[in-house]
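Below is one structure, written out as structure tokens; the observations come after it.
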There are 2 protein chains.
Amino acid sequence: MDTRWLDDEELDAWIRLIAVVELLPGVLDTQLRRDSELSHFEYLVLAMLSEADDRVLRMTALAARTNATLARLSHVVSRLEARGLVERSPCPQDGRATNARLTDAGWDAVVGAAPGHVETVRGVVLDALTRRQVRELGEIAGAILTRLDPDGRMTPPPRD
Amino acid sequence: MDTRWLDDEELDAWIRLIAVVELLPGVLDTQLRRDSELSHFEYLVLAMLSEADDRVLRMTALAARTNATLARLSHVVSRLEARGLVERSPCPQDGRATNARLTDAGWDAVVGAAPGHVETVRGVVLDALTRRQVRELGEIAGAILTRLDPDGRMTPPPRD
DNA sequence: GCGCATTAGTTGACACGACAACTAAACCCG
DNA sequence: CGGGTTTAGTTGTCGTGTCAACTAATGCGC
């Protein structure tokens, strides 16, 4: 089958999307590391735990909410545990499972990091867009996600 | 100053954008590695060279076109050079500069990889969007880039 | 209730990117 | 034209992610 090459509009959108994907993580990491000694991914892990009931989640559930593999999450949680921000304990209901719980120190870390992080998010993304574009971005990213992650492992729909 | 937290629409757009940013690179890498033994970044390097006059670019120019630091590019070009896909030579005009040139083998590699890559790009992004959304995405990503990269080191505007 | 497949998670080896230190050439300016 | 600054690029080290191999508990089928 002959390749359908990209036309100008498609190429333009693609090139720019790639640039965003390459540059955005670095910017988020840099700010969080500088101000709060956390990588962006570590922040995400702590933030997801902070919103969960009793601040506890099973590793698998946490991996899904952070778009990570279990292996990656396991390494990161080990480091966070060593820093006293998270605690692991075997799940009583299922012997195979592990629960990760946010400690008080972990809670303090997220609470401390959140304002600066939100400010960065506004600064580099949201404030650059109109209200309409923010809504569009939500829809576009949602559409892409259904292709990237057909099984919907990721962040479940609008509902939280 | 009190933090302006994100409202529902903003949070939705942000969470989804983060998910895209986390998942997209992996999908692109996986396809290219499987079918062409190239990482996405390596592909980008070769592709940018393939479009340049005489298939030659100075390292700095190549770094800008691929949104990479010079250090990262230098490592990657070393590997590509070891595989015979790229050649380095000192720039005659400027003794500090290095020119990277795409070899014939490198050309063959990009040409071989391009169709599968474009198909993936369509599959995971472009075909998930309407024509209008593709245009919107271009504008939104462009707006974000002016914040991520205020000096415009990155891909220059529509113009090539 | 035994055995095999599946699910949950961890771990170790390797690959790659970031950062900082370094070399070297060019520019600049008095 | 000589010394300091800037620009271009490379390299070594370290942190972090990926992959594959592994352990262990669960659940299904008969």
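Values in this document were obtained by computation on a predicted structure and should not be read as measured data. Chain identifiers are assigned alphabetically (A, B, ...) following the order of the sequence lines, protein sequences preceding nucleic acid strands; residue numbering begins at 1 within each chain.
One interatomic measurement links the two molecules: CD of A:Glu42 to P of D:dG17, which rounds to 8 Å at whole-angstrom precision. As a whole-Å value, the separation of B:Leu73 CG from D:dT10 P is 8 Å. The distance from atom CG of A:Asp29 to atom C1' of C:dC19 is 13 Å, rounded to the nearest whole Å. In this structure, B:Leu62 places its CG atom 14 Å from P of D:dA8, rounding to the nearest Å. The CZ-P distance, from A:Arg33 to D:dG15, rounds to 11 Å in whole Å. As a whole-Å value, the separation of B:Leu38 CG from C:dA15 P is 16 Å. The interatomic distance linking B:Leu32 (CG) with C:dC16 (P) rounds to 14 Å, in whole Å. Atom pair B:Arg58:CZ and D:dA8:P shows a separation of 6 Å (rounding to whole Å applied).
The side chain of B:Val76 lies closest to C:dG17, out of C:dG17, C:dC16, C:dT10. Residue A:Arg96 places its side chain closer to C:dA8 than to any other of C:dA8, D:dG17, C:dA26. Each of D:dT10, D:dA8, C:dA18 was ranked by its minimum atom distance to the side chain of B:Ala97; first place goes to D:dA8. Between C:dT10, D:dT18, D:dT16, one nucleotide has an atom nearer to the side chain of A:Arg79 than all others, and that is D:dT16.
Taking the charged nitrogens against the carboxylate oxygens, A:Arg4 and B:Glu119 have no contact shorter than 4.0 Å, which rules out a salt bridge. Note on B:Arg132 versus A:Glu136: salt bridge recorded, some NZ/NE/NH1/NH2 to OD/OE distance being below 4.0 Å. Checked for salt-bridge contact, B:Arg83 and B:Glu42 meet the test: a charged N lies under 4.0 Å from a carboxylate O.
Of the side-chain N and O atoms in A:Thr98, none sit less than 4.0 angstrom from OP1 or OP2 of C:dA8.
At a threshold of 4.0 angstrom between heavy atoms, the contacts of A:Ser74 include nucleobase atoms, whether or not backbone atoms are also involved. Among the heavy atoms of the strands lying under 4.0 Å from A:Ala71 is at least one base atom, whether or not backbone atoms are also near.
A donor-acceptor contact under 3.5 angstrom links the side-chain atoms of A:His75 to the base of C:dG12.
Comparing A:Arg72 and A:Pro92 against DNA chain D, the residue whose closest nucleotide sits nearer the 5' end is A:Arg72. Mapping A:Phe41 and B:Arg88 onto DNA chain D via the closest heavy atom, the residue that lands nearer the 5' end is B:Arg88.
Classification of the A:His40-B:Trp14 ring pair by plane angle, with boundaries at 30° and 60°, yields perpendicular.
Under a 3.5 Å cut-off, the side chain of A:Glu51 and the backbone N or O of A:Met48 do not form any donor-acceptor pair.
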